[in-house]
Visitor: 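Input: one structure, supplied below.
Model, not experiment: these values are computed from the prediction.
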Amino acid sequence: MKTLTLLWLLTVPWLARAQAPPAPFQLTITRTYASCADHHVLDAEGAVVPLPPDAIEALVCPPTVDLHGDHLTYVHRQKVIRLDLRTYQRIELFGLFPEYEGIEGPRWSPDGRSMLFRVVDQQRRNGYTESSRLIVVTVEGGQVTAKRKFDRFVNFVCGSTCGSIHPDDIGFRDDDTLFYRRHWAAEERPGEHDEIDL
């Protein structure tokens with residue numbers, strides 16, 4: 001009896017994994033060169049998903065790209081776009097000034113409604129009051145319902161582009177709170193985390 005119980009305990013997790021449906025879409029790297037990586041989106045059977053021309057172009061050495069469930073987020077011609085891979089509905093989340101030095105994100109809120117991006121502009125052009133801007137976009141029912149921005153001296157490093165040093169430089173503490181790591185060169189509390197209530 002003990003042997004049968006042990007066999008059952010070992011078999012059930014394996015069966016659950018074996019029968020779990022595959023993820024509907026997968027973002028894969030097709031080629032890497034210099035500091036670039038080109039991408040494709042694959043379906044559950046591993047076939048390349050046909051994409052609109054702007055998305056195909058955007059997946060060649062993208063400054064940032066994200067696949068979250070059925071939604072692909074990418075940058076095309078200074079616009080951050082979210083594409084529904086099932087309906088091909090396209091939403092423009094926000095625009096970028098041409099001089100930006102780096103963009104990263106999105107980081108997702110726990111409820112999956114809001115996305116956090118960080119854009120770097122060390123010269124503080126176009127109304128920036130700090131060298132980086134946090135942008136939170138909330139999407140409900142296929143529409144942008146809220147857009148907020150916060151200029152903060154967030155931690156980053158620059159090479160071919162500017163981005164995070166640590167995986168926890170920016171993110172959501174919960175659905176209503178952002179966190180960010182203060183830049184290592186900040187005069188006060190360098191490298192410490194601060195929070196922003198939404």
Side-chain angles (χ1 to χ4, degrees), residues 17-121 126 132-149 154 156 158-164 167 169-172 175 178:
R17 283 195 306 272
Q19 295 174 359
F25 298 102
Q26 181 180 2
L27 187 65
T28 62
I29 295 175
T30 59
R31 181 171 75 123
T32 58
Y33 50 100
S35 58
C36 286
D38 297 347
H39 297 74
H40 277 157
V41 177
L42 304 180
D43 64 17
E45 283 74 42
V48 174
V49 175
L51 297 173
D54 69 314
I56 293 171
E57 185 179 327
L59 293 184
V60 176
C61 192
T64 191
V65 64
D66 176 73
L67 178 63
H68 186 80
D70 299 342
H71 295 95
L72 180 69
T73 305
Y74 55 90
V75 178
H76 184 254
R77 297 184 184 169
Q78 275 75 56
K79 294 179 181 176
V80 180
I81 307 293
R82 190 176 95 157
L83 174 69
D84 187 319
L85 293 171
R86 294 199 185 275
T87 66
Y88 291 98
Q89 179 188 12
R90 194 185 280 106
I91 304 170
E92 182 180 333
L93 300 177
F94 61 93
L96 294 163
F97 296 109
E99 305 91 352
Y100 79 93
E101 298 166 83
I103 178 172
E104 62 184 293
R107 308 285 170 87
W108 289 82
S109 62
D111 65 9
R113 293 171 52 242
S114 298
M115 294 169 277
L116 170 63
F117 298 83
R118 190 267 295 276
V119 182
V120 174
D121 182 351
N126 304 301
S132 61
R133 175 170 286 173
L134 300 174
I135 301 172
V136 181
V137 182
T138 302
V139 177
E140 297 176 276
Q143 301 293 324
V144 174
T145 58
K147 197 181 303 183
R148 289 157 283 189
K149 61 184 180 181
V154 181
F156 64 85
C158 295
S160 59
T161 187
C162 298
S164 286
D169 278 344
I170 61 170
F172 282 90
D175 292 330
L178 304 179

Visitor: For Thr73 versus Arg82, what's the shortest heavy-atom pair and its separation?
Guide: OG1-CG, 3.8 Å
Visitor: Would the distance check show the side chain of Glu104 and the main-chain N or O of Ser164 forming a donor-acceptor pair, the cut-off being under 3.5 Å?
Guide: yes
Visitor: Do you know the tightest heavy-atom contact between Ala37 and Pro62?
Guide: O-CD, 3.1 Å
Visitor: Would you say Arg148 has more than 12 foreign heavy atoms packed within less than 6.0 Å of its CZ?
Guide: yes
Visitor: When you measure from the side chain of Lys147 to the backbone of Leu93, do you find a donor-acceptor pair of N or O atoms at a distance under 3.5 Å?
Guide: yes
Visitor: Got a second to check how far Gln26's CD is from Leu67's CG, nearest 0.5 Å?
Guide: 8.5 Å
Visitor: Where the side chain of Arg86 meets the backbone of Asp70, is there a donor-acceptor pair that is under 3.5 Å apart?
Guide: no
Visitor: Quick check: closest heavy atoms across Gln78 and Tyr100, and the distance to 0.1 Å?
Guide: NE2-CE2, 4.2 Å
Visitor: Is the closest side-chain heavy-atom distance between Arg118 and Phe156 below 4.5 Å?
Guide: yes
Visitor: Quick one: CD1 on Ile103 to CZ on Arg133, what's the gap to the nearest 0.5 Å?
Guide: 12.0 Å
Visitor: Are Leu178 and Ile170 close enough, and set up right, to give a side chain to side chain contact (heavy atoms under 4.5 Å, CB included), and what steps lead you there?
Guide: CA-CA 7 Å; Leu178 304 179; Ile170 61 170; over 6 Å; no
Visitor: Between Thr138, Thr145, Asp175, which is the residue that forms a side chain to side chain donor-acceptor pair (under 3.5 Å) with Ser114?
Guide: Thr138
Visitor: Closest heavy-atom contact between Val144 and Glu92?
Guide: CG2-O, 4.0 Å
Visitor: Judged by atom type as modelled, is there a donor-acceptor pair below 3.5 Å linking the side chain of Ser132 to the main-chain atoms of Val154?
Guide: yes
Visitor: Check this for me, if you would: do Asp54 and Arg90 make a salt bridge, where the nitrogen-to-carboxylate-oxygen distance has to be below 4.0 angstrom?
Guide: yes
Visitor: Go through it in stages, so that I can follow the logic: the residues are Leu51 and Leu83, the test is side chain to side chain contact (heavy atoms under 4.5 Å, CB included), and I'd like the CA-CA distance, side-chain angles, deciding distance and then a yes or no.
Guide: CA-CA 9 Å; Leu51 297 173; Leu83 174 69; 4.2 Å; yes
Visitor: Counting N and O atoms only, with roles assigned by atom type, does the side chain of Asp38 sit under 3.5 Å from a partner on the main chain of Cys61, one being a donor and the other an acceptor?
Guide: yes
Visitor: Could you label the plane-to-plane angle of the Phe117 and Phe94 rings as parallel, tilted or perpendicular, counting under 30° as parallel and over 60° as perpendicular?
Guide: perpendicular
Visitor: Got a second to check how far Leu59's CG is from Tyr74's OH, nearest 0.5 Å?
Guide: 8.0 Å
Visitor: Hey, what do you get for CD1 (Ile135) to CG (Leu96), rounding to the nearest 0.5 Å?
Guide: 6.5 Å
Visitor: What pair of heavy atoms forms the shortest contact from Gln89 to Gly142, and how long is it?
Guide: NE2-O, 3.4 Å
Visitor: Which atom pair, heavy atoms only, marks the closest approach of Asp66 to Pro106?
Guide: CB-CD, 3.3 Å
Visitor: So Leu72 and Leu27, side chain to side chain contact (heavy atoms under 4.5 Å, CB included) or not? Walk me through it.
Guide: CA-CA 9 Å; Leu72 180 69; Leu27 187 65; 4.2 Å; yes
Visitor: Given Leu42 and Val48, is the side chain to side chain contact (heavy atoms under 4.5 Å, CB included) satisfied, shown in steps?
Guide: CA-CA 4 Å; Leu42 304 180; Val48 174; 3.8 Å; yes
